[in-house]
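Just follow the structure's listing: the first ligand is 1, and inside any ligand the first atom is 1.
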Amino acid sequence: MTDGPSGRATRVVAQGTFDLLHPGHVHYLEAAADAGDELHVIVARAAGVTHKPDPVLPGEQRRDAVAALEAVDHARLGHPSDFSVPIREIDPDVVVLGHDQHHDEDEIAGLLAAWGIDCRVERASGLEPTGERLHSSSDIVDRVLARRRGERRPSLEAESDD
Ligand SMILES: Cc1cc2nc3c(=O)[nH]c(=O)nc-3n(C[C@H](O)[C@H](O)[C@H](O)COP(=O)(O)O)c2cc1C
Ligand SMILES: Nc1ncnc2c1ncn2[C@@H]1O[C@H](COP(=O)(O)OP(=O)(O)OP(=O)(O)O)[C@@H](O)[C@H]1O
């Protein structure tokens with residue numbers, strides 16, 4: 001798919017905190033990768049994550065884990081204060097927002113236009129967990145805390161062994 005300018009590979013941007021990787025992240029990044037030829041992921045710096053508790057893991061570790069995923073071509077830590085910096089460097093053709101991200105598509109489209117970036121904005125679907133699975137970094141943290149406080153785990157028989 002090379003519908004970028006002058007036939008170059010179509011560049012897609014995905015972004016997020018990616019604190020404790022889980023299948024929901026993989027679902028999002030695979031959906032973003034399907035929107036073009038090259039998937040560039042911007043990993044949020046902790047200083048910019050003000051809408052929820054600080055990530056547990058350092059940014060470099062979160063970036064490296066994302067970079068290891070097959071769907072991801074490039075992963076970088078975002079700019080500490082100016083979101084236009086990585087966007088101008090990547091010059092994306094598509095920005096894919098996550099299913100629950102607090103960014104408004106029109107707001108992001110307006111920012112991209114103001115930055116002189118010709119780019120469409122899409123939103124990925126969510127991956128709902130089943131059974132004991134967790135598809136939220138915060139939920140994973142909460143379960144760890146509960147288990148460490150001695151909360152008993154469901155009987156082993158209740159857990160599927162697949
Ligand atoms: C187009 C775009 C560019 C962004 N660039 C940066 C950046 O350069 N640095 C940064 O720390 N966060 C950046 N972010 C914001 C983080 O990714 C943001 O904290 C993230 O959207 C939080 O989402 P989450 O709650 O799903 O992790 C950017 C977000 C968008 C939509
Ligand atoms: N279950 C999921 N299904 C699809 N996309 C998801 C899912 N969970 C997270 N994402 C997407 O992954 C990106 C990174 O999200 P983030 O790092 O906030 O993970 P999170 O698990 O939602 O964290 P938290 O639970 O702390 O909010 C975002 O675009 C988000 O929409």
Which is it for V26 and H135 under the side-chain contact (heavy atoms from CB on, under 4.5 Å) test, yes or no, and what are the steps along the way? CA-CA 10 Å; V26 176; H135 293 174; over 6 Å; no

Could you give me the CA-CA distance, side-chain angles and deciding distance for V94 and V13, then say whether side-chain contact (heavy atoms from CB on, under 4.5 Å) is met? CA-CA 6 Å; V94 191; V13 156; over 6 Å; no

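In terms of protein heavy-atom proximity, atom 23 (O) of ligand 2 is closest to K52 NZ, 3.4 Å. When hydrogens are left out, the protein atom nearest atom 22 (O) of ligand 2 is D100 OD2, 3.9 Å; that is the closest non-hydrogen contact. Here the heavy atom of the protein found nearest to atom 3 (N) of ligand 2 is L127 N, 2.8 Å. At the shortest separation from atom 28 (C) of ligand 2 among protein heavy atoms lies Q101 NE2, 3.5 Å. The protein heavy atom nearest to atom 5 (N) of ligand 1 is F83 CG, 3.4 Å. Ranking protein heavy atoms by distance to atom 17 (O) of ligand 2, first place goes to F18 N, 2.7 Å. From the protein, the heavy atom lying nearest to atom 24 (P) of ligand 2 is S138 OG, 3.4 Å. Annotation: atom 15 (O) of ligand 2 to nearest protein heavy atom, H25 NE2, 3.8 Å. Among protein heavy atoms, the minimum distance from atom 27 (O) of ligand 1 is reached at T17 OG1, 2.6 Å. The single protein non-hydrogen atom nearest to atom 11 (O) of ligand 1 is R45 N, 3.0 Å, given as residue, atom name and distance. Among protein heavy atoms, the minimum distance from atom 1 (C) of ligand 1 is reached at I87 CD1, 3.8 Å. Counting protein heavy atoms only, atom 7 (C) of ligand 2 is closest to H99 NE2, 3.6 Å. Nearest protein heavy-atom contact of atom 17 (O) of ligand 1 is Q15 OE1, 3.1 Å. Taking atom 19 (O) of ligand 1 as the reference point, the nearest protein heavy-atom neighbour is A44 CB, 3.7 Å.
Near T17, meaning under 4.0 Å from any of its heavy atoms, are these atoms of ligand 2: 17 (O). The atoms of ligand 1 that sit less than 4.0 Å from any heavy atom of I42 are 5 (N), 6 (C), 7 (C). Applying the 4.0 Å criterion to heavy atoms of G78 picks out, from ligand 1, the atoms 7 (C), 8 (O), 9 (N). For ligand 1, the atoms closer than 4.0 angstrom to any heavy atom of K52 are 24 (P), 25 (O), 27 (O). Within ligand 1, counting atoms from 1 as listed, the ones closer than 4.0 Å to a heavy atom of G16 are 17 (O), 27 (O). Ligand 2 places these atoms under 4.0 Å from at least one heavy atom of S136: 21 (O), 25 (O). Residue contact check: Q15 has heavy atoms under 4.0 Å from atoms 29 (O) of ligand 2.
In terms of polar-atom proximity, D139 is not counted as a contact of ligand 2, lacking any N or O under 3.5 Å from an N or O of the ligand. The distance criterion of under 3.5 Å between nitrogen or oxygen atoms is not met by H102 with respect to ligand 1. Here's the thing with H135: one of its N/O atoms is less than 3.5 angstrom from an N/O atom of ligand 2. Backbone and side-chain nitrogen or oxygen atoms of D19 are examined, and none is located within less than 3.5 angstrom of a nitrogen or oxygen of ligand 2.
Separating the NE2 atom in H102 from the CG atom in D104 is a distance of 11.0 Å, to the nearest 0.5 Å. Here the CZ-NE2 distance, from R11 to H74, works out to 8.0 Å after rounding to the nearest 0.5 Å. Note that the CD1 atom of I87 and the CD1 atom of I117 stand 7.0 Å from one another [nearest 0.5 Å]. From L112, atom CG reaches atom SG of C119 across 5.0 Å, with rounding to the nearest 0.5 Å.
Proximity of a side-chain donor or acceptor of Y28 to a complementary backbone N or O of P23 within less than 3.5 Å is not detected. Not one N or O on the side chain of H79 forms a donor-acceptor pair closer than 3.5 Å with the backbone of V85. With hydrogens and angles ignored, the 3.5 Å screen pairs no side-chain donor or acceptor of R88 with any backbone N or O of G116. A donor-acceptor contact shorter than 3.5 Å links the side chain of Q101 to the backbone of G98. The backbone N or O of A44 sits nowhere less than 3.5 Å from a side-chain atom of T17 that would complete a donor-acceptor pair.
Contacts with ligand 1 closer than 4.0 Å are made by heavy atoms of both the backbone and the side chain of H79. Residue H22 touches ligand 2 through its side chain alone, judged by heavy-atom distances below 4.0 Å. Only the backbone of S125 comes within contact range of ligand 2, with a heavy atom under 4.0 Å; no side-chain atom does. Contacts between P86 and ligand 1 below 4.0 angstrom, taking non-hydrogen atoms only, involve the side chain exclusively.
We find that R62 and E60 are not joined by a salt bridge, their nearest charged nitrogen and carboxylate oxygen being 4.0 Å or further apart. A salt bridge is defined here as a Lys NZ or Arg NE, NH1 or NH2 lying under 4.0 Å from an Asp or Glu carboxylate O, and E132 with R143 meets this definition.
Residue contacts with ligand 1: G98 is excluded, as none of its non-hydrogen atoms falls under 4.0 Å.
At least one side-chain heavy atom of L20 sits less than 4.5 Å from a side-chain heavy atom of V141. Within the 4.5 Å cutoff, no side-chain heavy atoms of V72 are placed close to those of H40.
For atom 25 (O) of ligand 1, the nearest non-hydrogen atom from the set H25, Q101, H51, E105 comes from H51. When the heavy atoms of A44, G98, G16, P53 are ranked by distance to atom 29 (O) of ligand 2, first place goes to G98.
Here the closest heavy-atom approach between residue D19 and residue L57 is recorded as OD1-N, 3.0 Å.
Checked by atom type, the side-chain pair H27/S125 shows a donor-acceptor distance below 3.5 Å. One side chain, D82 or S84, offers a donor N or O that lies under 3.5 Å from an acceptor on the other.
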